Amino acid sequence: MINYEKYRIAVPGTGHIGKTLARSLASAGHSVKVANSHGPETIALKQPMQSVQYR
């Protein structure tokens, strides 16, 4: 079994690409933080992920 290193990743922006990237990286086991210029309350996700922190 290959043991891949896990990273802490920040994703600036919560558009289509940012959301998809955050979900994919979190699903792979990385620690992900997402931010946008309007604050965390404006990040609308249909299925929020427990492993993603919204800033």
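All of these numbers come straight from a predicted model, not from anything done at the bench.
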Heavy-atom closest pair, residues [X] and [Y]:
X: Thr14; Y: Lys19; result: O-CE, 3.0 Å
X: Glu5; Y: His30; result: O-CE1, 3.6 Å
X: Ala26; Y: Val32; result: N-CG2, 3.7 Å
X: Gly13; Y: Val34; result: O-CG1, 4.1 Å

Problem set entry | side-chain contact (heavy atoms from CB on, under 4.5 Å) against His38, all qualifying residues, sequence neighbours excluded |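 Testing His38 for side-chain contact (heavy atoms from CB on, under 4.5 Å), a comparison that skips the adjacent residues, returns Asn36, Thr42.
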All side-chain contact (heavy atoms from CB on, under 4.5 Å) counterparts of Leu21, not counting sequence neighbours: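 With sequence neighbours excluded, Leu21 shows a side-chain contact (heavy atoms from CB on, under 4.5 Å) to Val11, Leu25, given in chain and number order.
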